[in-house]
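The chains referred to below are lettered A, B, ... by the order of the sequence lines, with proteins before strands, and numbering in each begins at 1.
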Number of protein chains: 2
Amino acid sequence: MCRMARPRKPLLSRERIVGTASALVDADGLDAVSTRRLAAELGVSGPSLYNHFRNKDEILDAVADAVSAKVDLSMFDESDPRDWRTALHDWAVSYRAALTAHPNVVPVLARGPGRRPAGLKVADAVFGAMVRAGWPAAQATHIGALMRYFITGSALGSFAGGFVDDETAYDPSDYPHLGQAHLLAERQEKIDEGAFETGLRALLDGLAAQYEEGTRAKRAKTPPADGS
Amino acid sequence: MCRMARPRKPLLSRERIVGTASALVDADGLDAVSTRRLAAELGVSGPSLYNHFRNKDEILDAVADAVSAKVDLSMFDESDPRDWRTALHDWAVSYRAALTAHPNVVPVLARGPGRRPAGLKVADAVFGAMVRAGWPAAQATHIGALMRYFITGSALGSFAGGFVDDETAYDPSDYPHLGQAHLLAERQEKIDEGAFETGLRALLDGLAAQYEEGTRAKRAKTPPADGS
DNA sequence: ACTTTTAACTAACACTGCTAGTTTCTGTTC
DNA sequence: GAACAGAAACTAGCAGTGTTAGTTAAAAGT
């Protein structure tokens with residue numbers, strides 16, 4: 001009868017903890033992850049987690065980072081043929097898909113890259129590709145940030161909350177323009193999708209216009225060699 | 001010596017609770033608001049709050065709604081001369097200002113209008129103004145949503161988190177394009193501001209282009225009366 | 001004047017993140 | 001191979017959390 005001090009083979013590992021924590025978050029939400037419940041799910045007792053993580057936030061950060069790591073970045077490869085606009089578009093769609101797959105993680109992810117390495121890797125890839133495409137460094141930084149703002153903001157503001165599906169909760173006379181129909185949770189999903197697409201397109205159109213403006217200014221300063 | 005059952009004049013009111021809760025959030029952050037601490041600050045003991053709110057979340061929702069209520073909506077008045085684009089711009093700036101003034105509330109606010117009446121009032125005003133400006137109803141809904149996504153996402157991703165000001169936290173070789181300088185918390189503030197401005201401009205430019213497209217299509221269908 | 005409701009209270013429950021201290025196994029070093 | 005440092009599990013427990021139940025006395029309603 002062992003008194004269960006240190007096992008022959010480690011029961012826990014960072015990967016295993018992050019894995020079951022992820023599953024727990026996906027299944028039952030962020031609040032369902034308590035150190036004790038997570039530990040129980042791992043067949044282990046509470047404080048053992050603290051041999052592998054400094055605190056609970058570090059675990060959730062790791063869960064969020066695992067989501068970031070699933071975002072496709074191939075469009076930013078030097079060898080990829082896509083131009084900056086399509087690359088940005090495809091990345092945004094892939095990013096959103098990653099968030100939609102794990103909606104409960106979004107609140108953690110939305111508060112910035114912080115210390116999460118995969119999140120920083122994403123920012124790095126976007127920045128590099130934009131600079132290579134001809135954007136000034138300052139603008140390239142801004143683009144990475146503002147795209148993240150829009151994507152995470154859209155993910156957070158939509159499926160991680162939204163309206164309440166209770167007809168009595170809203171008094172239509174308080175909101176003269178909004179019909180009751182707009183408030184139904186069922187409709188909300190389509191609105192989210194549409195708003196994301198419209199916003200993404202507007203964002204890229206607007207950036208393309210700014211890009212045009214920038215290259216025109218540059219051409220005026222250093223006229224091209226070819227006789228145009 | 002009264003045994004402090006029911007006082008002559010009510011000690012608590014929803015307004016007073018929301019007020020001190022707001023102050024507490026602003027001063028010490030969201031986590032600093034516990035029912036007991038809030039009650040202590042009000043000179044009252046714990047569970048008394050539950051005579052005025054169903055639960056803690058309802059209190060925080062009310063705090064968030066108070067912030068929403070401070071957003072300027074005058075640009076959406078029927079009598080206001082501003083066109084839809086400038087109105088949208090001015091509103092976005094005012095919205096962001098309200099969030100910057102109370103950064104700790106943003107996480108609550110970012111998860112959608114939910115049951116908060118002031119939040120819904122904002123959505124209603126935007127929707128009404130956009131429809132009046134000639135946007136189709138579906139697009140008007142999308143615009144309200146996507147603007148909110150961008151604004152709250154930007155507020156959340158920046159000052160409510162951001163980078164860690166610890167030089168040893170990041171290994172520059174992991175992020176070939178990002179210089180170490182970009183990661184300093186001090187710089188982060190300027191980046192946020194710039195990213196917001198760039199993004200807002202791009203968003204409005206892009207929407208203006210879509211608007212043009214829409215009215216052109218409409219003109220083609222029903223040609224104008226004047227001989228152009 | 002009697003009843004109901006309201007708004008405060010105290011006590012307590014189940015749970016939270018986390019620390020301290022203990023035990024036993026593993027891996028390294030003389 | 002013995003001694004030792006460190007790792008990885010444990011138990012016990014602390015201070016704090018949101019919330020409910022039940023009590024009490026003043027206010028408001030009939």
How do A:Val44 and B:Asp31 order along DNA chain D: which one's closest nucleotide is nearer the 5' end? A:Val44

For D:dC10, does either OP1 or OP2 sit under 4.0 Å from a side-chain N or O belonging to A:Ser48? yes

Ranking A:Lys56 and B:Leu12 by the position along DNA chain C of their nearest nucleotide, the one closer to 5' is B:Leu12

Below the 4.0 Å mark, does C:dG17 have OP1 or OP2 next to a side-chain nitrogen or oxygen of A:Thr35? yes

Does the base of D:dA7 carry an N or O that pairs as donor and acceptor with the side chain of A:Asn51 under 3.5 Å? no

Contact class for A:Pro47 vs. all strands (heavy atom < 4.0 Å): base, sugar-phosphate, or nothing? base

Do B:Leu88 and B:Val126 come within less than 4.5 Å of each other through their side chains, counting heavy atoms only? yes

Between B:Glu41 and B:Arg36, does any NZ, NE, NH1 or NH2 come within less than 4.0 Å of an OD or OE carboxylate oxygen? no

Round to the nearest Å and state the distance from B:Asp57 atom CG to D:dT17 atom C1'. 13 Å

Under 6.0 Å between ring centres: does that hold for B:Phe196 and B:Phe150? yes

Pick out the pairs of N or O atoms, protein on one side and nucleotides 4-6 of chain D on the other, that lie under 3.5 Å.
from	atom 1	to	atom 2	distance (Å)
D:dG6	N2	A:Arg6	NH1	3.2

Give the rounded distance in Å between these two atoms: OH of B:Tyr50 and P of C:dA8. 15 Å

Can you tell me if the side-chain N/O atoms of A:Ser34 get under 4.0 Å from OP1 or OP2 in C:dC15? no

Side chain of A:Ser45 (C-beta onward), nearest among C:dC9, D:dT19, D:dT11: D:dT11

Lys/Arg-Asp/Glu bridge criterion (N-O < 4.0 Å) met for A:Arg96, A:Glu193: yes

By ring pair (Phe, Tyr, Trp, His ring centres under 6.0 Å), which residues pair with A:Phe76, not counting sequence neighbours? A:Trp91

Do B:Asp77 and B:Ser79 meet the criterion of a side-chain donor-acceptor pair at a distance under 3.5 Å? no

Report yes if at least one side-chain N or O of A:His52 is closer than 4.0 Å to OP1 or OP2 of D:dA7; otherwise report no. no

B:Arg37 CZ to D:dA15 C1': how many Å, rounded? 15 Å

Test ring pair (Phe, Tyr, Trp, His ring centres under 6.0 Å) applied to A:Tyr149 - qualifying residues, sequence neighbours left out: none

Return the value, rounded to whole Å, for the distance between atom CG of A:Leu11 and atom C1' of C:dT24. 13 Å

Has the side chain of A:Arg36 got a donor or acceptor that lies under 3.5 Å from a partner of the other kind on the base of C:dG17? yes

Could you tell me how far apart B:Arg14 (CZ) and C:dA8 (C1') are, to the nearest whole angstrom? 17 Å

